[in-house]
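Each ligand, and each atom within it, is numbered from 1 in the order the structure gives.
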Amino acid sequence: MGQNSAAIPILSVVFLLVIMSSGFSTGYMPVVIVHGIFDSSVQMQDLNDMITKAHPGTNVTIPDLFTDAESLIVPLWSQLPKFRDAIEKVMATSGDGINLICYSQGGILCRALLANMTNHNVINFISLSSPQLGQFGDTSYVPFLPQLKEDVYKVCYTQTGQDHISVCNYWNDPHHKKEYLAENVFLPVLNNETFNSQSKVWKDNFLKIKKLILIGGPDDGVITPWQSSHFGFYNENEDVIEMHKQEVFLRDSFGLQTLYNRGAIKMYNISGVEHTKWHGNQTVFDCCIEPYLT
Ligand SMILES: *[C@@H]1O[C@H](CO)[C@@H](O)[C@H](O)[C@H]1NC(C)=O
Ligand SMILES: *[C@@H]1O[C@H](CO)[C@@H](O)[C@H](O)[C@H]1NC(C)=O
Ligand SMILES: *[C@@H]1O[C@H](CO)[C@@H](O)[C@H](O)[C@H]1NC(C)=O
Ligand SMILES: *[C@@H]1O[C@H](CO)[C@@H](O)[C@H](O)[C@H]1NC(C)=O
Ligand SMILES: *[C@@H]1O[C@H](CO)[C@@H](O)[C@H](O)[C@H]1NC(C)=O
């Protein structure tokens, strides 16, 4: 009898400690931020600061994986497993789920991660100025690639390009669709533009998110066309075709149309923000990121 009555308060203390250490005390879901090309957690610190100021106590994780130059020279499929391990660790601590903010190149890497992770619990996927349907523009910031966008396919649509330059994994030359489909091992596969035996599983996994938030704008200066951040892209005349008229949307080949019909896609077209400023802009954070982190 005496033993039992002493055990009850001890058990409650242990229980409370377990609850507190697992992060329940803050009420905010953990956030994982996936950095962009040539970045690391250093550049994402401004975003981290805005999150913890708005939502004190939020557990924010910014995996320092494939940082700086490594983000360019390691192809995206090879970056995926380590990011997956890091994100799964955070997911395991939060039964309510986590939110994912992925910047620039990180945004298509995250789309692949969401397709790959069969038991993910990502609630909101915030794609911050990411080339979701690819890139066809200035490459002056990328070593090893021709400066002229018309010539880039010659390097990118080869095995060497695909194996050694991450940008090649989402290089989408509208004048060389055939080579894109045949040689690009990442974006057309992820999009199920070419036959992919896993497409059904990947789509089901992707569709486990609650909301897809697409943030981009006309003054970005790097993502080209900037509408790629909204799942728009060039046709062969370099006219931009918006998301709703894209074949991958019409075929619902990886879940975009399903999400749209569910009312789960939020698009933000914001002027006045250059590419490297997205993660540090308080106005952008307040309008388009903070509301999805509660
Ligand atoms: C956030 O969660 C991760 C994963 O559980 C943990 O390793 C880390 O220590 C936590 N960070 C803080 C500041 O609580
Ligand atoms: C996820 O990726 C790993 C390789 O990292 C692969 O072995 C596995 O089959 C993939 N799972 C799915 C569902 O795509
Ligand atoms: C992927 O594309 C193939 C045709 O190439 C189609 O048969 C399949 O249903 C598509 N998968 C999904 C999930 O839409
Ligand atoms: C985005 O905003 C710009 C500037 O306000 C405007 O010119 C453009 O038409 C908008 N585009 C879309 C797709 O809403
Ligand atoms: C921040 O974003 C707003 C639009 O929301 C824009 O007008 C402003 O120029 C941006 N500031 C910077 C420094 O990028």
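- The backbone N or O of Leu109 sits nowhere less than 3.5 Å from a side-chain atom of Gln79 that would complete a donor-acceptor pair.
- Of the protein's non-hydrogen atoms, Arg251 NH2, 4.0 Å is the one closest to atom 4 (C) of ligand 3.
- Between Lys177 and Glu236, the closest side-chain pair of non-hydrogen atoms is not below 4.5 Å.
- With a heavy-atom cut-off of 4.0 Å, Ser253 touches ligand 3 through its backbone alone.
- Ligand 2 has no N or O atom lying under 3.5 Å from any N or O atom of Thr118, backbone or side chain.
- Taking only non-hydrogen atoms, the option from Asn205, Val201, Asn116 nearest to atom 12 (C) of ligand 2 is Asn116.
- Regarding atom 6 (C) of ligand 3, its nearest protein heavy-atom neighbour is Asn192 ND2, 4.3 Å.
- In the vicinity of Gly272, heavy-atom distances shorter than 4.0 Å reach the ligand 5 atoms 6 (C), 8 (C), 9 (O), 10 (C), 14 (O).
- Checked by atom type and distance alone, the side chain of Thr58 pairs as donor or acceptor with a backbone atom of His55 at under 3.5 Å.
- Residue Ser271 places a heavy atom under 4.0 Å from ligand 5.
- Counting only distance, with no hydrogens or angles, the side chain of Glu183 and the backbone of Cys156 share no donor-acceptor pair below 3.5 Å.
- Between Phe254 and Phe206, the two ring planes are tilted [angle within 30° to 60°].
- Among Asn281, Ile270, Val284, the residue whose heavy atom lies closest to atom 11 (N) of ligand 5 is Asn281.
- For atom 14 (O) of ligand 3, the nearest protein heavy atom lies under 4.0 Å away.
- Considering each of Thr283, Val273, Thr276, Asp219, the one bringing a non-hydrogen atom nearest atom 5 (O) of ligand 5 is Thr283.
- Using a 4.0 angstrom heavy-atom cutoff, Arg84 counts as in contact with ligand 2.
- Under a 4.0 Å criterion applied to the non-hydrogen atoms of Pro81, ligand 2 contributes the atoms 5 (O).
- Within the 4.0 Å heavy-atom cutoff, Trp202 counts among the residues contacting ligand 2.
- A side-chain donor-acceptor contact under 3.5 Å links Thr224 to the backbone of Val222.
- Annotation: Lys200 places no N or O atom under 3.5 Å from an N or O atom of ligand 3; distance criterion only.
- The aromatic rings of Trp226 and His230 lie perpendicular to each other, with more than 60° between the two planes, well past the 30° mark.
- A salt bridge between Asp204 and Lys200 is present, with a side-chain N of the basic residue lying under 4.0 Å from a carboxylate O of the acidic one.
- Remark: the backbone N or O of Leu181 is not paired with any side-chain donor or acceptor of Thr194 at under 3.5 angstrom.
- Under the 4.5 Å side-chain criterion, counting only non-hydrogen atoms from C-beta, Asp219 is not in contact with Val273.
- In summary, the atoms of ligand 3 found under 4.0 Å from a heavy atom of Lys203, numbered by their order in the structure, are 13 (C), 14 (O).
- At the top of the distance list for atom 9 (O) of ligand 2, counting protein heavy atoms only, stands Gln198 NE2, 4.0 Å.
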